[in-house]
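Worksheet: one structure, shown below.
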Amino acid sequence: MDSPLTLIICGASGDLTARKLVPSLYRLACKNRLPAEGRIVGVARSAFSDAAFRDKMAAAVREHAAREWLPERWEAFARRLFYVAADATKPEGLANLSAWLKEKEGGAGGRRLFYLAVAPDLYGGIVSSLAAAGLLREEGGWRRLVIEKPFGRDLASARTLNESIRSQLREEQIYRIDHYLGKDTVQNILVLRFANILFEPLWNSQYIDHVQITVAEKVALEGRGAYYDQAGVLRDMFQNHLLQLLTLVAMEPPARFAADPLRNEKVKVLDAIEPLDDAEAGRQLVRGQYAGYRGEKGVPPTSKTPTYAALRLGINNWRWRGVPFYLRSGKALKGRLSEVVVQFHCPPHLMFPVGDGGTMQCNRLALCIQPDEGIHVSFQSKVPDQEGMVMRPSDLEFHYGHAYKNLPIPESYERLLLDAMHGDASLFMRSDEIERAWAIMDPFIRASESASATAPEEYAVGSDGPAGANAFLDRDGRAWLSLCHH
Ligand code: BG6
């Protein structure tokens, strides 16, 4: 029999625990996916009894997993839930936790997954105190660590953080979350590309004109003004989520779906993106800030932090040379929409007369990440019963909501928590991946933050973003596309 498994959540009084972690664990329990012998212990400084912590988490689950709430299921789940008051930033503050683990695990020890749901500047210190308190010694079972973004704020600080954590843990013990990788539709990029023969032969510069990756948000700061103003959209969304989407779209097929073969290929893509010099990065970047941002709580009235950005990257390898990848993301926009659009070239010769204006829409494929998850392919069709050959673009559509009616798309933390418990790091980021992503983003961030940088262009709340983003693509003779909003 396996030794007992304990998930230790440091930062149990915080938002992430209440909004995402415990509701996701509860849903996993409802699906009978949690290891039978598993326990969850919340750790924070404030004093709570197990019962009080359970009550607080029950309220969180009723709010955030309302659809799945069933009192008897909660009762069964809550029996696995505990609380220990401890100060994880100091080795001596961890005595309670050590004693608790010893008692619950029994003499033979157990397996421990530490989840740091705390402010990122505490990561290094907590890992050192866990080590100093002896809690990371692999006695009686493995030790693993899960941490959340941001991993540093540039290449130099990410390196320092990686070194500090790796002085206590081996790389394969560290699970760095990018919650986009936990989304089914993001994993489906791999399935579409590598479990089908139809698309892959066309997936290169010979057939693809360019790729667009959009992550648009309707929400604004949601009370995180102080954090956000220090980060801005380039750190908050591009260094992680948008570059992760790009690597999945652009990578070569790995030989196996396993952590290292997969991540090796992702790193190769990032390696093929040459970091620009700051001046060039400035030219390949558009920044915007929504009207009213500087009046938000936690934001200084003079802030030049971008809440929107669009930029162009090139991948210098055989497959992608000459194919621009346009990335854009922003807050307080018209709607919530994450989508990858692949624009194919037009046929080399067209025997049909093209209509007014003499242009034709060439094939497009869209991967709809959220909210209407699916895939759209746009192609030309003959309009029936017309004089001559009249063509019009038509859409082939696949919607998860139709195809898998009884299988709603789960919260991405469910998959990620379970993978970390099972020791599968495929959907987590390796240190070299993170560092390489910072190396790509740093010149854009410096261009955005330099003293001589202009203020970002203002855009209206509920709009498509700054006008400059349209002019940016116009310069290349292209326009932003969206197929997913039907
Ligand atoms: C987070 C960012 O990583 O991703 C947030 O910090 C953003 O600012 C969020 O809102 C978007 O995630 P999702 O899953 O809602 O697209």
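Each ligand, and each atom within it, is numbered from 1 in the order the structure gives.
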Contact check: S338 vs ligand 1, nitrogen or oxygen atoms, below 3.5 angstrom: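 There is no such contact.
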Nearest non-hydrogen protein atom, [atom]:
{"atom": "atom 14 (O) of ligand 1", "answer": "K183 NZ, 2.6 Å"}
{"atom": "atom 15 (O) of ligand 1", "answer": "R336 NH2, 3.9 Å"}
{"atom": "atom 9 (C) of ligand 1", "answer": "E217 OE2, 3.9 Å"}

Contact with ligand 1 for Y180, non-hydrogen, under 4.0 angstrom: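 Yes, that is the case, since the closest heavy atom of the residue is under 4.0 Å from the ligand.
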Name of the residue among V323, I273, V211 meeting side-chain contact (heavy atoms from CB on, under 4.5 Å) with I315: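 Among the candidates, only I273 passes.
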Ring centers of H210, F325 separated by less than 6.0 Å: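 Not close enough - the centres of the two rings lie 6.0 Å or further apart.
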Aromatic ring pairing H402/H399, orientation class (parallel under 30°, perpendicular over 60°, tilted between):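 H402 and H399: tilted rings.
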Side-chain H-bond candidate by donor/acceptor type, R478 with Q343, under 3.5 Å: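 No, Q343 and R478 have no side-chain donor paired with an acceptor closer than 3.5 Å.
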Test item: side-chain donor near acceptor, S482 and E339, under 3.5 Å: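 Yes - a donor-acceptor pair under 3.5 Å links their side chains.
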Can you name the atoms of ligand 1, numbered from 1 with element, that are less than 4.0 Å from a heavy atom of [X]?
{"X": "D236", "value": "2 (C), 5 (C), 6 (O), 8 (O)"}
{"X": "H179", "value": "1 (C), 3 (O), 4 (O), 12 (O), 13 (P), 14 (O)"}
{"X": "H241", "value": "1 (C), 3 (O), 4 (O)"}
{"X": "K331", "value": "5 (C), 7 (C), 8 (O), 10 (O)"}
{"X": "R224", "value": "2 (C), 5 (C), 6 (O), 8 (O)"}

Salt-bridge contact E433-K268 (side-chain N to carboxylate O under 4.0 Å):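 No, E433 and K268 are not salt-bridged.
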Main-chain N/O of G288 paired to E458 side chain as donor or acceptor, under 3.5 Å: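 Side chain of E458 to backbone of G288: no pair is present.
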